[in-house]
Amino acid sequence: MISVFEPEIGDTEAAYVLDSLKRGMISGTIRGDYTGRFEALAAASCETQFGVTTTSGTTALALAVASLGLTAGDEVLVPSLTNIATAFAVLYAGAKPVFLDSEDITWNIDPKRIREKVTPRTRAIIPVHVYGHPVDMDPVMSLAAEFGLYVIEDNAESHGGEYKGRRTGGIGHIGCLSFYINKIVTTGEGGMLVTNDSAIAEKARCLKNLGYSDRDRYIHSDLGYNFRLTNLQAAIGVAQMEKIDVLIERRRRLASMYTERLRGIAGLHLPVEQPWAKNVYWMYSLVLEPELASRDSVRDRLLAKGIETRNFFYPLHRQPVFQNMGIVAKDESLPVSESLGDNGLYLPSSPSLPEETIDFICNAFRSALQL
Ligand SMILES: *Cc1c(COP(=O)(O)O)cnc(C)c1O
């Protein structure tokens, strides 16, 4: 079976974990060791000054929302086509996610659809750089300035990506990373909040550690959380960060091998790279027009040949959890994200896949389309 993703864990990861373990540095409260190095490396990779580790991408987003003081009655704009964690993070604070439609070229939020969703209660927007392609951030930032909104970049899928020469994650007020096993850089489970704002970083560092403060340790003025990543996981993260450029180059190479072999099929949409963007191709994703072939039958035919694939995200505005909570109307229509959710899939995207395997997958894909 060719799986959709395998991580690249090497000897350095093992050596750093063992080093941390042998010295008893296994918790999440010891600073200045691998945790501090990991925070510095990952923050720098987003061109930010501060990094605060968390237990996951989900808790990094929740920490971002909490650190900005968002609460019940506030509305936060999020794309419909994203990992469900983006919207859950908003709900954990009692705030309300409001879903935005996608554009059909990059599959990211369509900045032209933002203005119509802003209300007097809107406090923030979470652009998500979906499948590795950066959001068109200039219009997002200028609308955010116009309406006084915070911008939290969900950079879980675009770690190392660039928008007009700037790193994603460092353009908004806060960026959030995930280090889940299939992300650009992994610690198994893990996440990080990155920012250039020292007050936000300090608040986040306090809230993720149960609200202990440096001044008067046992006096708590805020509702805190335990979102502490262990130093053992940070040790894996340091080893991964030391090779992030190689990991991204391999993903870009994989994408260009796929694109070379699959381009020119009418009705098949391949991932793009806009002239202003550097795409890190988190997953090599495709959209099939229904007239070309049914996505589900293509996936079945590939599976029969031992090739694992995954569907695109199921649009959030259609998720039972949000409909049952009354967050979104049952008849809400966001047609671009619905069509992407129905017709998108991604192919095996491990950075180390050999060229022969790409040939095999692309031949199987073409025959699954019955071309
Ligand atoms: C993976 C992912 C998350 C959640 O990260 P976890 O580490 O799995 O909690 C959030 N947003 C996006 C866009 C993701 O891809």
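Note that these values count all heavy atoms, side chains included, but never hydrogens, waters or copies made by symmetry. Ligands are counted one by one from 1 in listed order, and the atoms in each one are counted from 1 as well. Just so you know, residue 1 is the first one in the sequence shown, and it goes up from there.
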*Under the 6.0 Å and 45° cation-pi test, does Arg252 pair with Tyr281?*
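No, Arg252 does not sit over the ring of Tyr281.
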
_Here's one to test your reading of the geometry: is the NZ or CZ of Arg37 within 45 degrees of the ring axis of Tyr16 and under 6.0 Å from its centre?_
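The answer is yes, since Arg37 meets both limits relative to Tyr16.
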
Lys/Arg-Asp/Glu bridge criterion (N-O < 4.0 Å) met for [X], [Y]:
X      : Y      : value
Arg250 : Glu8   : yes
Lys117 : Glu332 : yes
Arg295 : Asp342 : no
Arg115 : Glu146 : yes

List ligand 1 atoms under 4.0 Å from [X], heavy atoms only on the residue side.
X      : answer
Gly57  : 5 (O), 6 (P), 7 (O), 9 (O)
Ser56  : 7 (O), 9 (O)
Val128 : 13 (C)
Thr82  : 13 (C)

*asked:* When you compare ligand 1 with Glu189, is there at least one nitrogen or oxygen pair between them that comes in under 3.5 angstrom?
replied: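 Looking only at distances, the answer is no, because the N/O contact criterion of under 3.5 Å is not met.
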
*Can you find an N/O atom of Glu157 closer than 3.5 Å to an N/O atom of ligand 1?*
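Min N/O separation from ligand 1 is below 3.5 Å for Glu157.
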
Counting non-hydrogen protein atoms only, what is the nearest one to [atom]? Give residue, atom name and distance.
atom                    : value
atom 10 (C) of ligand 1 : Asp154 OD2, 3.7 Å
atom 5 (O) of ligand 1  : Ser178 OG, 3.3 Å
atom 2 (C) of ligand 1  : Lys183 NZ, 2.6 Å

*Under 3.5 Å, is there a donor-acceptor pair between the Thr48 and Asn196 side chains?*
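No, no side-chain donor-acceptor pair sits under 3.5 Å.
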
*Could you check which of Ile181, Thr55, Thr58 puts a non-hydrogen atom nearest to atom 9 (O) of ligand 1?*
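Looking at heavy atoms only, Thr58 sits closest to atom 9 (O) of ligand 1.
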
